[in-house]
Visitor: 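Below are the structure tokens for one structure; questions will follow.
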Amino acid sequence: MTAVLTRVGLALGLPVVLVAVWWFASAGSTDFFFPPLRTIVEVFGPTWFGERLVDDVLPSLGRLAAGYAAALVLGVGLGVLIGSNRWVRAVTEPVLEFLRAIPPPVLVPVLMLVAGIGNGMKILVIISGCVWPILLNTVAGVRAVDGVLEDTCRTYRIRGTLRWRHLVLRSASPQIVTGARQALSVGIILMVISEMFAASSGLGFTVIQFKDGFQIPEMWSGVILLGLLGVLLSMLFRVVEHQVLSWYHGSRTAQKER
Amino acid sequence: MNALLGLAGLLGFGLLLEVAPRVGLVPERYFPPTSTILGELAGQVGERAFWVAVGDTVLTWLLGLAIAVALGVVVGVAIGSVPLVRAATSSTIEFLRPIPSVALIPLVVVLHGSTITSTLILVVYAAFWQVLVQVLHGVADIDPVARDTARSYRLDRWARVRYLTWPTALPYVVTGVRLAATVALILTITGELVIGSPGLGQLIATARQSGAVPAMYALIVVTGVFGVLANVVTRAAERRALHWHPSMRAEVPA
């Protein structure tokens, strides 16, 4: 019991202290740019849980989900293809390394040119940024398939779909998940950036509008909301990862204990 | 052999992008052929403004990376060496880390305007967590036998950091620096693009507004080259620090 209490205390202690410090330090603040936390919290609800939830927050998240899902399918698909053939890998590697090295936000202006400023552009931006970490990690994962397992599969004449599912994808999955995690943070960045550039709705757009209108408490609430979304999505990711990779974490702990 | 194949791949890619607009597969207005882009690039390289922008970008990038790495290592070793502090801060770190740094853009703009300082804050914020988390992992990875040995020999705190913690954490630090270098570059360009602080990103934004499509592509190629450089340099450093690690020995070049 004490152990649980200690852990809860350790987990909550510092955050509570920090928020309290912010709350009291800013309580009497007259600085225009640093409004009291109380004011920010007060405007948070009315700002985000009215029409904006439907008009701005959900469309943003929808675009993120669509782009991320497409990048996942595309990245894993191409990654498996490229990773399982030494020749294809050698030919495409420098091109992929180059494309991956381009900072994704610079694609926003290009894709705006091609696809306008609608939903399509934003989803394309998210795909074009998210696909590289997934793709390259899949390639690396497929490449590093355990030799003994591969020979075992061959000996048992496990081929085709079975082999892909149980050997290739399975052994690459820890790497794929790593790529997917990197892609998620890139995706959030691109979701916000694409809306800051050109949009009439969305989280990034709204926050920039508050900034331009000098609605400072609202802007702070937007910054906090973006932060909370980032945290929430990464927690969600961890839950999914735990499900998908439970076998892997299990085998790792078993190896360590041995 | 692999290098040749890779070169062929690059050439083929360039050729594809040259031919596709020429034969009308994609509109030439939006996708200028490779030769036009490279010609534009050659033109840019001859201009002073280009090199000033490159200088600004590199300065922001390296300065931000250096600050983030220094902070990350110091804070990481300090937090990681004391179990109680580590336990007390872990929830806070887990909370602050996934906050997307672009969320800070409006904040830094109202506070610092379109200056390098604004972009630098974004860069440091984003890159710091990459380093910090790796350092924390590294410090936690200390071999218990080595730790007990150090204790038996009564190494003082500083000697333990120097001869026990640091060598254990080094591979993690290098990984952290590699990740941070990429993130720092992305945030540098993003800051310049969105905030308008001087640098390559700002040139891209200007090129877009004035409809100079080939110039835009040429500048994007430059940012890509920087990204590749960051990868190559940090990976070479990683290979030196991690040459014993199985991941570096997995594939013997055929």
Side-chain angles (χ1 to χ4, degrees), chain A residues 6-7 10-15 18 33 86-87 90-95 97-110 112-114 143-144 182 185-186 188-189 191-193 196-197 204 207-208 210-211 214 216 219-220 222-235, chain B residues 1-2 5-10 12-13 27 30-31 84 87-92 94-107 109-111 182 185-190 193-194 201 204-205 207-208 213 216-217 219-221 223-231 247 250-251 254:
Chain A
T6 324
R7 265 180 52 195
L10 282 175
L12 293 181
L14 190 60
L18 287 177
F33 293 123
R86 204 157 57 86
W87 290 90
V91 171
T92 51
E93 204 159 30
V95 176
E97 285 293 336
F98 178 74
L99 290 176
R100 188 261 269 275
I102 295 176
V106 302
L107 298 172
V108 178
V110 174
M112 258 168 77
L113 204 68
V114 181
R143 190 175 87 172
Q182 289 172 15
S185 45
V186 173
I188 298 174
I189 291 182
M191 172 189 92
V192 179
I193 300 269
M196 283 182 171
F197 242 89
V207 175
I208 287 295
F210 287 145
K211 185 213 83 183
F214 285 100
I216 302 296
M219 184 196 85
W220 272 94
V223 171
I224 292 176
L225 179 68
L226 282 176
L228 286 177
L229 274 180
V231 174
L232 213 68
L233 286 174
S234 86
M235 272 157 72
Chain B
M1 189 59 201
N2 272 4
L5 282 175
L7 195 65
L10 270 180
F13 184 65
Y30 297 150
F31 298 98
L84 184 70
T89 49
S90 79
S91 64
T92 312
E94 281 308 302
F95 183 80
L96 289 176
R97 190 167 62 105
I99 292 179
S101 44
V102 286
L104 302 177
I105 287 180
L107 212 58
V109 172
V110 295
L111 292 177
T182 314
L185 180 67
I186 294 179
L187 265 298
T188 305
I189 303 284
T190 306
L193 198 64
V194 179
I204 293 176
R208 180 187 73 86
V213 180
M216 199 169 80
Y217 278 96
L219 291 167
I220 289 173
V221 170
T223 62
V225 170
F226 273 116
V228 171
L229 272 180
N231 278 339
S247 71
E251 188 161 330

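Quick note on labels: first sequence line is chain A, next is B, and so on, each numbered from 1.
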Visitor: Which residue out of B:Gly6, B:Gly9, B:Ser101 racks up the most heavy-atom pairs below 4.5 Å with chain A?
Guide: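 Most heavy-atom pairs under 4.5 Å with chain A: B:Gly6.
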
Visitor: Which bit of B:Leu111 comes within less than 4.5 Å of chain A, counting heavy atoms only: side chain, backbone, both or neither?
Guide: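 Looking at B:Leu111, just its side chain touches chain A.
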
Visitor: Which pair of non-hydrogen atoms, one from A:Pro105 and one from B:Ile186, has the smallest distance, and what is that distance?
Guide: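 Here A:Pro105 and B:Ile186 meet closest at CD-CG2, 3.8 Å.
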
Visitor: Checking A:Leu233 against chain B: side chain, backbone, both or neither under 4.5 Å from a heavy atom?
Guide: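 When you check distances to chain B, no heavy atom of A:Leu233 falls under 4.5 Å.
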
Visitor: For B:Gly224 and A:Pro103, which heavy atoms make the closest approach, and how far apart are they?
Guide: N-CD, 4.4 Å

Visitor: Is it the side chain or the backbone of A:Leu232 that comes within 4.5 Å of chain B heavy atoms, both, or neither?
Guide: neither

Visitor: Could you have a look at A:Leu229, A:Val91, A:Val207 and say which one has the most heavy-atom pairs with chain B under 4.5 angstrom?
Guide: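 With the most close heavy-atom pairs to chain B, the winner is A:Val91.
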
Visitor: By a 4.5 Å heavy-atom criterion (distance strictly below it), what part of A:Val223 contacts chain B: side chain, backbone, both, or neither?
Guide: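 Both parts, heavy atoms under 4.5 Å.
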
Visitor: Less than 4.5 Å apart, any side-chain heavy atom of A:Met191 and any of B:Pro100?
Guide: no

Visitor: Side chain, backbone, both or neither: which part of B:Leu107 has an atom under 4.5 Å from a heavy atom of chain A?
Guide: both

Visitor: With a 4.5 angstrom heavy-atom cut-off, could you sort out which part of B:Tyr217 is near chain A: side chain, backbone, both or neither?
Guide: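 Contact with chain A is through the side chain of B:Tyr217 alone.
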
Visitor: When only pairs under 4.5 Å are counted, which of B:Leu193, B:Asn231, B:Leu219, B:Leu96 shares the most heavy-atom pairs with chain A?
Guide: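 With the most close heavy-atom pairs to chain A, the winner is B:Leu193.
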
Visitor: Of all heavy-atom pairs between A:Phe98 and B:Val225, which one has the smallest distance, and what is that distance?
Guide: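 Closest pair (atom of A:Phe98, atom of B:Val225, distance): CE1-N, 3.7 Å.
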
Visitor: Can you name the closest pair of heavy atoms from A:Val106 and B:Ile220 and give their distance?
Guide: O-CD1, 3.6 Å

Visitor: If you measure from OG1 on B:Thr92 to CG on A:Leu18, what distance do you get to the nearest 0.5 Å?
Guide: 5.5 Å

Visitor: Chain A heavy atoms under 4.5 Å from B:Ile105: which part of the residue, side chain, backbone, both or neither?
Guide: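 Side chain of B:Ile105 only, per the 4.5 Å heavy-atom cut-off to chain A.
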
Visitor: If you define the side chain from C-beta out and look only at heavy atoms, does anything of B:Ile204 sit under 4.5 Å from A:Pro109?
Guide: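 Yes; the side chains approach each other to less than 4.5 Å.
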
Visitor: Between A:Thr92 and chain B, which part of the residue has a heavy atom less than 4.5 Å away: side chain, backbone, both or neither?
Guide: neither

Visitor: So which of B:Ala8, B:Pro106, B:Ala87 has the largest heavy-atom pair count under 4.5 angstrom toward chain A?
Guide: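 Ranked by contacts with chain A, first place is B:Pro106.
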
Visitor: Of the backbone (N, CA, C, O) and the side chain (C-beta and beyond), which part of B:Thr182 lies under 4.5 Å from a heavy atom of chain A, both, or neither?
Guide: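 When you check distances to chain A, no heavy atom of B:Thr182 falls under 4.5 Å.
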
Visitor: Taking all non-hydrogen atoms of both residues into account, name the closest pair between A:Lys211 and B:Val109 and its distance.
Guide: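 Result for this residue pair: NZ-CG1, 3.7 Å.
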
Visitor: Please find the pair of heavy atoms, one from B:Ala103 and one from A:Leu226, that lie closest to each other, and give the distance.
Guide: CB-CB, 3.5 Å

Visitor: Examine whether an atom of B:Thr223 lies under 4.5 Å from a heavy atom of chain A, and if so say whether it belongs to the side chain, the backbone or both; otherwise answer neither.
Guide: both

Visitor: Please classify the contact of B:Leu10 with chain A as side chain, backbone, both or neither, using a heavy-atom distance under 4.5 Å.
Guide: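 Answer is both: backbone and side chain atoms of B:Leu10 are under 4.5 Å from chain A.
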
Visitor: For chain A, find which of B:Gly12, B:Ala88, B:Ser90, B:Ala205 contributes the most heavy-atom pairs closer than 4.5 angstrom.
Guide: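 Greatest number of close heavy-atom pairs with chain A: B:Ala88.
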
Visitor: How would you list, by chain and number, every residue that makes a salt bridge (Lys or Arg N to Asp or Glu O under 4.0 Å) with A:Glu93, sequence neighbours excluded?
Guide: none

Visitor: Between A:Val108 and B:Arg208, is the side chain to side chain contact (heavy atoms under 4.5 Å, CB included) condition met? List the steps.
Guide: CA-CA 10 Å; A:Val108 178; B:Arg208 180 187 73 86; over 6 Å; no

Visitor: Where does A:Leu228 contact chain B at under 4.5 Å (heavy atoms): side chain, backbone, both or neither?
Guide: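 Answer is side chain: those atoms of A:Leu228 sit under 4.5 Å from chain B.
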
